[in-house]
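Contents: one structure, followed by commentary.
If you're wondering where the values come from, they're calculated on a predicted model, not measured in any experiment.
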Amino acid sequence: MDTPKASRREFCAHAISFVTVASLIEGCGGGKGSPTSPGGGGTAATLATINTIAVGGAITLTIDGASPLASVGSAALVQGGAGSFLVTRTGQESFSALTAICTHEQCDITGFSSGTFVCPCHGSQYNTSGRVQAGPATQALRQFNTQFTNNVLTITV
């Protein structure tokens, strides 16, 4: 009679361990890269990447017809010696530049869908002003000053 009790006890211990591990994984949105995490990341398109360099505390980009930032509403991931930035063309002559580092767990934000930046790690969503639209992140992205003159965008870092 003692053997069945030991088997039930072992079964319960393993079942509890399995449920605990499954709950922990689900709590993190199914793990890194989950597009269906609790933040509602959905299926965001990967941002086009523009590589550049920083000179004297500023990044400059030429915006022409071939640029991923050529049209209003477009966005790109700008990478340079000063870091990575999420850049959106918010108007014919205006841009928004934000840090590309998620405030939740410092993952690189690489997704963009319907005017919303999406972190691929846990699904945090930010609008083009950097404000949190959906968590788990609770803090806004850092914003940088931009200037657009003669088809050249300058981001002050």
Side-chain angles (χ1 to χ4, degrees), residues 10-55 57-63 66-92 94-148 153-157:
E10 286 178 14
F11 173 78
C12 289
H14 289 295
I16 290 170
S17 296
F18 177 74
V19 169
T20 301
V21 169
S23 296
L24 289 173
I25 290 171
E26 182 62 30
C28 285
K32 186 172 181 167
S34 174
T36 58
S37 56
T43 55
T46 300
L47 287 163
T49 301
I50 301 172
N51 293 305
T52 187
I53 59 171
V55 177
I59 293 174
T60 58
L61 307 165
T62 299
I63 308 297
S67 171
L69 296 168
S71 61
V72 174
S74 60
L77 176 63
V78 176
Q79 297 180 323
S84 296
F85 304 90
L86 302 169
V87 179
T88 310
R89 188 163 195 164
T90 56
Q92 195 59 36
S94 60
F95 292 81
S96 170
L98 311 164
T99 182
I101 306 301
C102 181
T103 59
H104 174 238
E105 287 192 3
Q106 288 67 54
C107 291
D108 291 335
I109 298 169
T110 57
F112 189 70
S113 177
S114 301
T116 303
F117 292 107
V118 181
C119 179
C121 294
H122 300 103
S124 291
Q125 297 178 21
Y126 303 87
N127 67 16
T128 57
S129 297
R131 282 184 242 120
V132 176
Q133 298 300 113
T138 58
Q139 295 179 356
L141 298 173
R142 181 175 173 208
Q143 194 166 30
F144 297 89
N145 291 328
T146 61
Q147 181 179 357
F148 187 59
L153 173 62
T154 302
I155 302 169
T156 305
V157 294

Residue pair [X] / [Y], side-chain heavy-atom distance below 4.5 Å:
X: F144; Y: L98; answer: no
X: V132; Y: Q139; answer: no
X: L47; Y: T49; answer: no
X: T88; Y: F117; answer: yes
X: L61; Y: L153; answer: yes

Identify, with sequence neighbours excluded, every residue that meets side chain to side chain donor-acceptor pair (under 3.5 Å) alongside [X].
X: N127; value: Q133
X: T62; value: none
X: T103; value: Y126
X: T128; value: none

**Study point:** Donor-acceptor pair, side chain of S67 and main chain of L69, under 3.5 angstrom
**Key:** yes

Could you list the donor-acceptor pairs under 3.5 angstrom formed between side-chain atoms of residues 74-87 and any protein atom two or more places apart in sequence or on another chain?
from	atom 1	to	atom 2	distance (Å)
S74	OG	P68	O	3.2
S74	OG	S71	O	2.5

Nearest heavy-atom neighbours spanning [X] and [Y]:
X: F148; Y: R89; value: CE2-NH2, 3.7 Å
X: T110; Y: P120; value: OG1-CG, 3.6 Å
X: Q125; Y: V118; value: CG-CG2, 4.2 Å

Point to revise | Approximate separation, where rounding is to 0.5 Å, of I59 CD1 and T156 OG1 | key: 9.5 Å

Practice item. Measure the spacing between CG of N145 and CZ of F95 and express it to the nearest 0.5 Å. Key: 14.5 Å

Practice item. Starting from the C-alpha separation in whole Å, work towards a yes-or-no answer on side chain to side chain contact (heavy atoms under 4.5 Å, CB included) for Q143 and S96. Key: CA-CA 8 Å; Q143 194 166 30; S96 170; 3.6 Å; yes

Practice item. For Q106, check side-chain contact (heavy atoms from CB on, under 4.5 Å) against everything at least two apart and list the hits. Key: I101

Review point. Using the ring of each side chain (for Trp, its six-membered ring), is H122 parallel, tilted or perpendicular to H104, with breaks at 30° and 60°?
Key: perpendicular

Practice item. Could you walk me through whether C107 and C119 pass disulfide bond (SG atoms under 2.5 Å apart), step by step? Key: CA-CA 7 Å; C107 291; C119 179; 4.5 Å; no

